[in-house]
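This report concerns only the one structure given below.
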Amino acid sequence: TQQRGVPPPMYSMTTTEPITPPDISAINVPGVIISLGVGVAVWLVASFVIAGITKRVAAGSTLFKKPHFRWVAPAFRALDHERRVQRANTVGALLSSVVGVLVSILTSVYVLKNLNVDVAPILTSVGILGIAIGFGAQQLIRDFLAGIFITMEDQYGIGDIIETSEVVGTVEAMNLRITRVRAEDGTIWYLRNGEILRVGNRSQGTYLPPVTPPADEADSTPQQKAGE
């Protein structure tokens with residue numbers, strides 16, 4: 001006999017065992033709210049710190065000239081304002097993206113735990129998917145890593161005249177994946193950072209163009225040889 005007010009048990013189509021509904025009481029609502037709040041707070045603080053460091057570096061701060069920061073001196077040496085601002089913004093955007101992804105992943109994990117969701121299968125699936133994407137996007141990852149090191153090491157920047165195995169020209173734009181170069185004949189070249197194996201910067205150091213003989217001397221030389 002079934003008592004009044006008690007719902008009948010649910011049965012699956014393949015077995016006779018009753019299907020137990022999810023236990024809503026196991027959901028930790030305060031934990032979810034706290035996890036979201038902590039994640040947002042950490043992201044805001046990290047973004048504020050990164051923005052402050054970026055502004056100080058772009059303005060030519062002397063913080064990195066102290067003795068205990070000598071190890072980063074090559075990456076933050078004195079540059080003109082445009083180059084310094086470009087590099088500071090690039091590095092700041094990269095740090096902001098990395099921090100945002102990490103905070104989002106950690107916050108999502110803690111929220112799912114508080115929702116009484118088993119995150120182990122999810123993390124396993126995400127790991128397998130990440131490995132598959134990593135194998136499929138090896139060239140893209142290589143371009144981004146090369147762009148990061150080009151920016152950090154100040155190999156070249158906007159306005160520099162560079163020489164690669166493909167082209168000699170002026171850098172018009174660059175990001176973490178592609179460098180845009182205008183050649184001497186006006187052609188626009190798009191170079192993937194991961195494929196730039198050798199690069200010479202004519203704007204750095206003391207570049208001396210090859211000496212070409214004047215036109216009068218060049219014309220008189222064949223005549224002298226003919227007279228001899």
Close side-chain approach of Phe144 and Arg177, heavy atoms under 4.5 Å: yes

Point-to-point distance, once rounded to the nearest 0.5 Å, from CZ of Phe48 to CD1 of Ile53: 10.5 Å

Cluster overlap Leu176 with Val98, hydrophobic side-chain contacts below 4.5 Å: yes

Gap between atom CD1 of Ile128 and atom CD1 of Ile133 - 0.5 Å precision: 12.0 Å

Pairing residues for Arg182 by the salt bridge (Lys or Arg N to Asp or Glu O under 4.0 Å) criterion, not counting sequence neighbours: Glu172

Nearest heavy atoms of Ile50 and Ser96, plus distance in Å: CG2-OG, 3.7 Å

Side chain to side chain donor-acceptor pair (under 3.5 Å) pairs, two or more places apart, involving residues 124-142: Gln139-Asp143

Verify same cluster id: Tyr110, Val38 (apolar side-chain graph, 4.5 Å): no

Ile178 reachable from Trp189 in the ILVMFWY side-chain graph, under 4.5 Å edges: no

Any residue meeting side chain to side chain contact (heavy atoms under 4.5 Å, CB included) with Ile150, in chain and number order, not counting sequence neighbours: Gln155, Tyr156, Met174, Asn193

Which atom of Gly157 lies closest to which atom of Val171, heavy atoms considered: O-CB, 3.4 Å

same_hphob_cluster(Leu191, Val199) at 4.5 Å side-chain heavy-atom cutoff: yes

With Thr54 via side-chain hydrogen bond (donor to acceptor under 3.5 Å, both in side chains) - residues at least two apart: none

Steps toward side chain to side chain contact (heavy atoms under 4.5 Å, CB included) verdict (Val117, Ile122): CA-CA 10 Å; Val117 175; Ile122 299 177; 4.2 Å; yes

Residues in side-chain hydrogen bond (donor to acceptor under 3.5 Å, both in side chains) contact with Thr164, at least two apart in sequence or another chain: Glu166

Connected via hydrophobic side-chain network under 4.5 Å: Ile33 and Val109: yes

Side-chain donor/acceptor of Asp185 to backbone N/O of Thr187, under 3.5 Å: yes

Within residues 32-46 or reaching into it, pairs that qualify as side chain to side chain donor-acceptor pair (under 3.5 Å) - sequence neighbours excluded: Ser35-Asn114

Between CG on residue Asn201 and CD1 on residue Ile162, distance to nearest 0.5 Å: 7.5 Å

Partner of Val42 under side-chain contact (heavy atoms from CB on, under 4.5 Å), chosen from Leu102, Val103, Val99: Val103

Rounded distance (nearest 0.5 Å) linking atom CZ of Arg192 with atom OG1 of Thr179: 12.0 Å

Sidechain-backbone polar pair: Ser203 side chain, Ile161 backbone, donor-acceptor under 3.5 Å: yes

Passing option when Lys113 is tested against Val119, Val32, Asp118 for side-chain contact (heavy atoms from CB on, under 4.5 Å): Val119

